[in-house]
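Here is the structure we will look at, set down as C-alpha cells.
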Amino acid sequence: MTDRPAYTRREFLGTSLAIVSTTATVPAFLHQSALAVAPQPGALTVSRPGVPEDRILVVIELSGGNDGLNTVVPYGAPEYYKARPVLAVRENDVIRLNKSKGLGLHPQMGPLRQMIDDGTAAVVQGVGYPSPNRSHFTSMDIWHTADTTANQGVGWIGKAMDHTVDPQHTDGTDCVCIGRNTPLATQGKTVKPISFQNANLFRWVGSDLHPLLGDEYDKINRAGIIIAAAGAAPDDQTAFLMRTALNAQIASDRIRNAVAKGPVTRFPGGRLASQLRMVAAMIRAELRTRVYYVSLGGFDTHAAQINSHANNLGEFARAVNAFYAELKAMGQDSRVLTIAFSEFGRRVQQNASNGTDHGTAGPMFIFGDMVRPGLLGEHPSLARLDQGDLIYNVDFRSVYAAVLDHWLKADSTAVLGRRFRPANILSPKALG
C-alpha cells in the first residue's frame with residue numbers, strides 16, 4: 001500500500017469543507033462534526049491592502065427562474081396582454097413606476113416600491129448573457145462562475161475572496177452561506193465559505209454522542225490555546241490542527257450566540273426573512289464576514305403560476321424591506337449592499353397549464369443606500385423576440401463588475417477572466 005502524503009493546510013481545509021457541503025450524502029453526525037472542524041474563528045478578517053473591510057455584500061438567489069415579465073410589468077405593451085390572457089397582471093393592479101414607458105411592479109411588491117421611494121432599491125432590467133441556456137443546472141452554474149461555458153469549478157465570489165483576502169491571516173469567516181447547500185459561487189481555490197442551515201447545528205456534537213468525545217475535544221482546544229500562546233511555527237501541522245479546532249469552537253459560539261439574540265425590529269414570517277434575520281444578527285454581533293449568501297426557491301412556475309409567483313414575490317419584497325429596516329435601526333445600513341438574481345426569466349407566451357416555461361432575460365435587484373434607485377436600463381422589447389424569448393440588454397457580468405470594482409474593491413478583470421464595463425448601478429458616493 002502506498003503511503004499517503006501528509007495533509008497540507010490547503011488540502012485539509014478543502015477536504016473538511018467539502019464534507020460540510022455534502023449534507024445530503026453523509027451521516028448527520030459526520031456532517032455536524034465536519035462543520036465544527038472547519039476553520040472559522042470569529043476574529044478579525046485581514047484583507048489585502050486597499051480592500052475595505054467594513055463593506056458587506058449580501059447575495060440573494062431566487063432559484064427556479066423568476067418570471068421577470070410579471071415582476072417588472074410592461075402594462076403599456078399590448079403584446080404583453082396578448083401573450084398572457086390569463087397570467088398578465090391587470091393594468092389597474094400594477095404598482096406604476098414609469099408611466100411614460102408603461103412599466104411597473106407586481107402588486108405584491110409594495111415593500112420594494114417603498115424602498116425605491118426611499119432611495120434604497122433599484123431594478124436592473126433585461127439582464128442575461130449571450131447564447132442563453134435554459135437548463136436550471138447549467139444556467140445557474142453560469143451565473144455562479146461568471147463563465148458562459150460553465151466549465152469552471154470556482155465561483156465568482158470565491159475568486160473575489162481569493163484576490164482580496166490575505167491567506168496568511170484569514171480566519172475563515174470571510175463568506176457565510178445559509179442553506180442546505182454550499183453555493184458554487186462562493187467556492188474559491190484558497191478561501192472557503194462556512195455553510196449551515198441551522199445555526200444550532202453549527203457546533204461540536206460529539207459530547208451528545210458520548211461524554212468522552214466532549215472531553216477529548218476540550219483537551220484539543222486547551223492544547224490549541226497553549227500552542228497559540230507558544231507561537232508554534234506556521235507550517236507545524238499539529239499546531240495547525242489544534243488551532244483549527246480552537247478557532248472552530250470560537251466561531252461556532254459567536255455565530256450561535258449572535259443568532260440567538262432577537263432582532264431590533266420585527267421580521268415577517270417566511271424562509272427568506274428567517275435567513276436575513278440571521279444575517280442581520282451576525283452583522284450586529286460584529287462578525288467580520290464580508291459576504292453572506294442566502295436563497296429563496298419556488299420560482300419554477302410551469303403551472304398555476306398566478307398565486308405561487310405572487311406569494312414568492314411578496315415574501316421576497318417583505319423580507320428585504322424588513323432586513324434593511326433592521327440594518328437601519330442598528331446603524332449598519334450604509335455598510336451593506338445586496339444583490340438578488342435568478343438563473344433565467346420565463347418565456348413571453350403563457351403555456352397551456354397557466355404557467356410559463358424556461359426563458360432568458362430577467363431583472364436583477366440591487367439594495368442599499370449606495371445604489372442608483374429606480375428602474376435601470378431598458379426593458380426588453382416585446383416586439384422583437386428571439387424564438388419567443390426576450391433579448392437581454394445587460395450582461396450580468398457587468399453588474400458583477402460594478403460590485404467587484406466599486407464595492408468589494410476586487411479586480412473584476414482578474415475575477416471574471418475578461419474586462420466587462422461596470423454597469424451604472426451605484427451612486428457616486430459608493431465609487432470612492
Side-chain angles (χ1 to χ4, degrees), residues 10 13-14 17 44-61 122 124 127 129 141-148 152-177 182-195 279 283 287-294 334-341 364-372 394-432:
R10 180 179 300 178
L13 298 185
L17 284 161
L44 176 66
T45 296
V46 179
S47 302
R48 297 184 187 277
V51 176
E53 292 185 352
D54 60 335
R55 293 184 176 185
I56 295 170
L57 173 67
V58 177
V59 180
I60 303 175
E61 178 183 304
V124 187
V127 183
Y129 56 87
D141 283 353
I142 289 171
W143 279 80
H144 279 216
T145 61
D147 175 18
T148 55
Q152 296 191 43
V154 181
W156 74 279
I157 295 170
K159 283 185 183 178
M161 295 295 98
D162 286 343
H163 282 82
T164 58
V165 173
D166 185 341
Q168 298 302 317
H169 295 94
T170 180
D171 62 8
T173 63
D174 310 284
C175 180
V176 171
C177 310
T182 303
L184 173 59
T186 63
Q187 295 286 349
K189 289 184 177 180
T190 58
V191 179
K192 303 294 183 181
I194 295 171
S195 183
V279 171
I283 294 172
L287 269 68
R288 302 307 291 262
T289 303
R290 300 187 63 219
V291 179
Y292 292 94
Y293 199 106
V294 299
S334 64
R335 296 180 58 208
V336 183
L337 171 68
T338 298
I339 65 173
F341 78 98
M364 285 186 73
F365 303 89
I366 319 292
F367 302 99
D369 66 4
M370 68 294 295
V371 307
R372 294 179 57 238
V394 178
D395 192 306
F396 75 94
R397 291 165 292 185
S398 69
V399 178
Y400 286 179
V403 172
L404 291 165
D405 285 340
H406 301 319
W407 187 249
L408 294 179
K409 298 299 182 181
D411 182 352
S412 67
T413 301
V415 173
L416 302 177
R418 52 172 281 202
R419 177 65 180 167
F420 289 91
R421 183 177 181 179
N424 189 17
I425 60 173
L426 300 181
S427 65
K429 69 178 180 179
L431 305 182

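Everything quoted here is computed from the prediction, not taken from an experiment.
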Note, [X] side chain near [Y] side chain (heavy atom, < 4.5 Å):
X    : Y    : value
R419 : S412 : yes
V124 : I366 : yes
T164 : L408 : no
F396 : F420 : no
H163 : D411 : no
T182 : P193 : yes
K409 : R55  : yes
Y292 : V336 : no

Legend entry - Mutual orientation of the aromatic rings belonging to F365 and F367 [parallel < 30°, tilted 30-60°, perpendicular > 60°]: parallel
Legend entry - Parallel, tilted or perpendicular: rings of W143 and F341 (30°, 60°): parallel
Legend entry - Polar contact flag, side-chain donor to acceptor under 3.5 angstrom, D369-S334: no
So how far is it from [X] [atom1] to [Y] [atom2], rounded to the nearest 0.5 Å?
X    : Y    : atom1 : atom2 : value
N424 : S398 : CG    : OG    : 10.5 Å
W407 : L426 : CH2   : CG    : 8.0 Å
T413 : L404 : OG1   : CG    : 9.5 Å
M370 : R335 : CE    : CZ    : 10.5 Å
D174 : T289 : CG    : OG1   : 7.5 Å
D162 : K192 : CG    : NZ    : 7.5 Å

Legend entry - Closest heavy-atom pair and its distance - M161, V291: CE-CG2, 3.8 Å
Inset, instruction - Quick one: closest heavy-atom pair of A423 and A402, and the distance? - result: O-CB, 3.4 Å
Legend entry - For I425, the option from V394, L337, V371, V399 that meets side chain to side chain contact (heavy atoms under 4.5 Å, CB included): V399
Legend entry - Contacts of A185 that satisfy side chain to side chain contact (heavy atoms under 4.5 Å, CB included) - sequence neighbours left out: H144, W156, I157, Y293
Inset, instruction - Taking salt bridge (charged side-chain N to carboxylate O under 4.0 Å, His left out) as the test, write out the residues that go with D395, two or more places apart. - result: R397
